[in-house]
Amino acid sequence: DGGITQSPKYLFRKEGQNVTLSCEQNLNHDAMYWYRQDPGQGLRLIYYSQIVNDFQKGDIAEGYSVSREKKESFPLTVTSAQKNPTAFYLCASSMQGSGNTIYFGEGSWLTVV
Amino acid sequence: AQSVTQLDSQVPVFEEAPVELRCNYSSSVSVYLFWYVQYPNQGLQLLLKYLSGSTLVKGINGFEAEFNKSQTSFHLRKPSVHISDTAEYFCAVSYTGFQKLVFGTGTRLLVSP
């Protein structure tokens, strides 16, 4: 089935450790996104990529890094510099161009212990 | 700056009653408007979107929304809700020429029997 696959669904991390969240899509979409969701704050854009080997910072990029080496993959690394990383992370993708529907994965829960 | 306001954080309603979830956005320039639904611990699913044309947009699950440019609003309505409509609903806007979506903080719809 076509879609967006995020893994792992649940992840626990000790303070000071980096962690990478995986996102893979088989929709042949050019653009991919990472959002962070916190209760009562909606979704906030971390990074987005409109084409392979290129990506832009969103509104809350500090403490995060991404790569886009393949069209179908857009992993997100939460670094130890992220001060409050416990959140629900959503990966998304869309065709290129404004107005196109953005499709979301099922999300990954990251808890820092 | 682009922004979306969802004034109601929570809307309780009885089954089979009508409901309206309010959404206002910050700018009157050309926009694309979206409503997404999120069930617990899941990603977001598109309910409907407005790109151009008729201001009344019909979506899935019996929902509809009306674009009002003069009031910069895009309220979501359903004439008769079901228990299964209990979820969080997000309004989002993108501006023509920009692919990023800006989300509101969400409205939790609670449907009681």
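Remember, predicted model here, so these are calculated numbers, not experimental data. Each chain gets a letter, A, B and so on, in the order the sequences are listed, and its residues count up from 1.
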>> Please classify the contact of B:Leu44 with chain A as side chain, backbone, both or neither, using a heavy-atom distance under 4.5 Å.
In response: both

>> Please check if the number of heavy atoms outside A:Glu62 that lie under 6.0 Å from its CD is greater than 12.
In response: no

>> Between the side chains of B:Arg108 and B:Glu88, is the shortest nitrogen-to-carboxylate-oxygen separation below 4.0 Å, so that they form an ion pair?
In response: yes

> Side chain, backbone, both or neither: which part of B:Leu101 has a non-hydrogen atom closer than 4.5 Å to chain A?
Replying inline: both

>> If I measure from the heavy atoms of chain B, does A:Leu90 come under 4.5 Å with its side chain, its backbone, both, or neither?
In response: side chain

> Which word best sums up how the rings of A:Tyr64 and A:Tyr89 line up, parallel for under 30°, tilted for 30 to 60°, or perpendicular for over 60°?
Replying inline: perpendicular

> Which bit of A:Gln6 is near chain B, if near means a heavy-atom gap under 4.5 Å: side chain, backbone, both or neither?
Replying inline: neither

> Can you say whether B:Gln38 sits under 4.5 Å from chain A via the side chain, the backbone, both, or neither, judging by heavy atoms?
Replying inline: side chain

>> At a 4.5 Å cut-off on heavy atoms, which part of B:Tyr50 comes close to chain A: side chain, backbone, both, or neither?
In response: neither

> Where is the tightest heavy-atom contact between A:Ser22 and A:Glu24, given as atom of each residue plus distance?
Replying inline: OG-CG, 4.1 Å

> Any cation-pi pair here, B:Lys78 with B:Phe63, using under 6.0 Å and within 45°?
Replying inline: yes

>> Between B:Tyr36 and A:Ile102, is the side-chain contact (heavy atoms from CB on, under 4.5 Å) condition met? List the steps.
In response: CA-CA 10 Å; B:Tyr36 283 84; A:Ile102 294 180; 3.7 Å; yes

> Is chain B contacted by the side chain of A:Asn100, its backbone, both, or neither, given a heavy-atom distance below 4.5 Å?
Replying inline: backbone

> Relative to chain B, which segment of A:Leu43 carries a heavy atom at a distance below 4.5 Å: side chain, backbone, both, or neither?
Replying inline: both

> Taking the six-membered ring where the residue is Trp, are the ring centres of A:Phe55 and A:Phe74 under 6.0 Å apart?
Replying inline: no

> Given that the side chain runs from C-beta out, which part of A:Gln37 has a heavy atom under 4.5 Å from chain B: side chain, backbone, both or neither?
Replying inline: side chain

